[in-house]
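Comments concern the structure below.
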Protein chains: 2
Amino acid sequence: MHDDDIANIMRALGHPVRLEILRIMATQQQGQCCCGDVTESLPLAQSTVSQHIKVLHDAGLIERKPHGTRNRYCIRQDRLAELSSAFGGLLKGLAPSAAGKETELA
Amino acid sequence: MHDDDIANIMRALGHPVRLEILRIMATQQQGQCCCGDVTESLPLAQSTVSQHIKVLHDAGLIERKPHGTRNRYCIRQDRLAELSSAFGGLLKGLAPSAAGKETELA
DNA sequence: CATGTTCATCGCAATTCACCGATCATTCGG
DNA sequence: CCGAATGATCGGTGAATTGCGATGAACATG
């Protein structure tokens, strides 16, 4: 995972409403929910919620499964895991005296 | 740490240049460097770099210590630790079937 | 086929972001 | 006190983001 990817995901997570949307999705039965469920739980217009969902989807954080007249969304745990690992790597790279660790080991 | 705080930090980290700046700071001797060091390593104007540094500083991710005619910046490891913990909590809350874990335990 | 439901998408306005060059404040060396 | 250096900040431009209501596409049902 490159900086651009990490930054993209971070930006997608960089809005309180989107964090809340993810949480709502996680709380739903079987981790699945549709746009309406989210809209009900938030003081925002349906179009706005749909936009936020799109941002999360574009970042690859959620998955869309068309199902009849509505869409089911669920969190992509695989991507969360990837992110977690990439984030860990990032933090490690920023740790004190990570400065020449690789050459030390070489 | 609330969603707003997390989102703020995520947004600060949501730009590849800022990730790179943090890395540059970490690579520097004693984890300290000044604006010029960063500017030298990036194909951006000094004012732009200064802007990005300000974003990181506003997010509380770096610390500024005026030192003579220049400013020394360093990463705030304490804040990274906080973030790491908050991020972990976020991921846990998004994990599959985190849906009624608290009521289960209660 | 007509109707209702669900939601993505399309404008649109207001705000924020990213980048730049120019300027200003601070500080060190003579 | 003067000039050079460093870097924050200002003003401006173009692009992206955030919010909204309205429209449109896809589907289920009568």
Side-chain angles (χ1 to χ4, degrees), chain A residues 3-22 24-25 28-30 32-76, chain B residues 3-25 28-29 31-75:
Chain A
D3 273 7
D4 283 354
D5 306 310
I6 299 181
N8 270 333
I9 297 182
M10 292 293 190
R11 206 162 354 118
L13 293 177
H15 194 293
V17 165
R18 290 197 283 270
L19 293 180
E20 188 58 29
I21 289 177
L22 288 177
I24 289 170
M25 286 184 179
Q28 221 73 10
Q29 215 57 17
Q30 287 156 15
Q32 293 192 124
C33 71
C34 59
C35 179
D37 297 332
V38 180
T39 304
E40 273 178 21
S41 310
L42 292 173
L44 290 172
Q46 177 267 322
S47 56
T48 304
V49 170
S50 195
Q51 269 300 68
H52 281 301
I53 287 179
K54 179 176 161 51
V55 173
L56 291 170
H57 187 251
D58 287 349
L61 289 171
I62 60 180
E63 194 180 353
R64 168 167 41 216
K65 301 185 229 172
H67 193 264
T69 172
R70 51 187 72 186
N71 290 329
R72 276 187 193 157
Y73 286 98
C74 62
I75 295 176
R76 285 189 53 185
Chain B
D3 274 7
D4 282 356
D5 305 312
I6 299 180
N8 269 334
I9 295 181
M10 291 295 189
R11 208 162 350 116
L13 293 176
H15 196 293
V17 165
R18 289 196 284 267
L19 293 181
E20 188 59 29
I21 288 177
L22 288 177
R23 254 194 279 271
I24 289 170
M25 286 184 180
Q28 222 72 11
Q29 215 57 19
Q32 294 192 125
C33 71
C34 58
C35 179
D37 296 333
V38 180
T39 304
E40 271 178 23
S41 309
L42 293 173
L44 291 172
Q46 177 265 322
S47 55
T48 305
V49 171
S50 194
Q51 277 287 64
H52 281 301
I53 288 179
K54 177 177 163 50
V55 173
L56 292 170
H57 187 253
D58 287 349
L61 289 170
I62 60 179
E63 194 179 355
R64 167 165 45 215
K65 301 185 226 171
H67 192 265
T69 174
R70 50 187 73 187
N71 290 330
R72 276 187 192 159
Y73 287 98
C74 62
I75 295 176

Original post:
Mind checking whether L13(B) and L19(B) have side chains closer than 4.5 Å, heavy atoms only?
Top reply: yes
Original post:
Separation of I62(B) atom CD1 from dA8(D) atom C1', in whole Å?
Top reply: 13 Å
**OP:** Determine: side-chain N/O of H67(B) to OP1/OP2 of dA5(D), distance under 4.0 Å, yes or no.
**Re:** no
Subject >> Interatomic spacing from NE2 in H15(A) to CG in D3(B) - rounded to 0.5 Å >> reply: 11.0 Å
Subject >> Protein proximity profile, nucleotides 5-12 of chain C - base contact B, sugar-phosphate-only contact S, no contact -, cut-off 4.0 Å on heavy atoms >> reply: BBBBB---
**OP:** State the CE-CZ distance between M25(B) and R72(B), to the nearest 0.5 angstrom.
**Re:** 13.0 Å
Subject >> Residue-phosphate contact under 4.0 Å: R18(A) side-chain N/O, dT18(D) OP1/OP2 >> reply: yes
**OP:** Whole angstrom is fine here: how far is it from NE2 in H52(B) over to P in dG7(D)?
**Re:** 17 Å
Subject >> Closest approach of G14(B) to R11(A) (non-hydrogen atoms, all atoms of both residues) >> reply: O-NE, 3.1 Å
**OP:** Identify the two heavy atoms, one from Q28(B) and one from C33(B), that lie closest to each other, and give their separation to 0.1 Å.
**Re:** CG-CB, 3.3 Å
**OP:** Please round to 10 degrees the angle between the axis of the first five pairs and the axis of the last five pairs in the helix from dC1(C)-dG30(D) to dT27(C)-dA4(D).
**Re:** 20°
Subject >> Minimal non-hydrogen separation, A12(B) against L61(B), with atom names >> reply: CB-CD1, 4.2 Å
Original post:
What's the NE2-P distance between H57(B) and dG7(D), to the nearest Å?
Top reply: 14 Å
**OP:** To the nearest Å, give me how far apart CG (D4(A)) and C1' (dA18(C)) are.
**Re:** 15 Å
Donor-acceptor pairs are to be reported for all side-chain atoms of residues 39-56 of chain B against protein atoms at under 3.5 Å, with residues two or more places apart or in another chain.
| from | atom 1 | to | atom 2 | distance (Å) |
| --- | --- | --- | --- | --- |
| T39(B) | OG1 | C35(B) | O | 3.0 |
| S41(B) | OG | D37(B) | O | 3.1 |
| H52(B) | ND1 | R18(B) | NH1 | 3.1 |
| K54(B) | NZ | D58(B) | OD2 | 3.3 |

Original post:
For M10(B) and dC17(C), what is the distance between atoms CE and C1' respectively, to the nearest whole Å?
Top reply: 19 Å
Original post:
For dC19(C), does either OP1 or OP2 sit under 4.0 Å from a side-chain N or O belonging to H15(B)?
Top reply: yes
Subject >> Comparing A45(A) and G68(A) on DNA chain D - which has the more 5′ nearest nucleotide >> reply: A45(A)
Subject >> Q32(A) and H67(A): CA distance, side-chain angles, deciding distance, side chain to side chain contact (heavy atoms under 4.5 Å, CB included) verdict >> reply: CA-CA 11 Å; Q32(A) 293 192 124; H67(A) 193 264; over 6 Å; no
Subject >> Side-chain heavy atoms of N71(A) within contact of P66(A), under 4.5 Å >> reply: yes
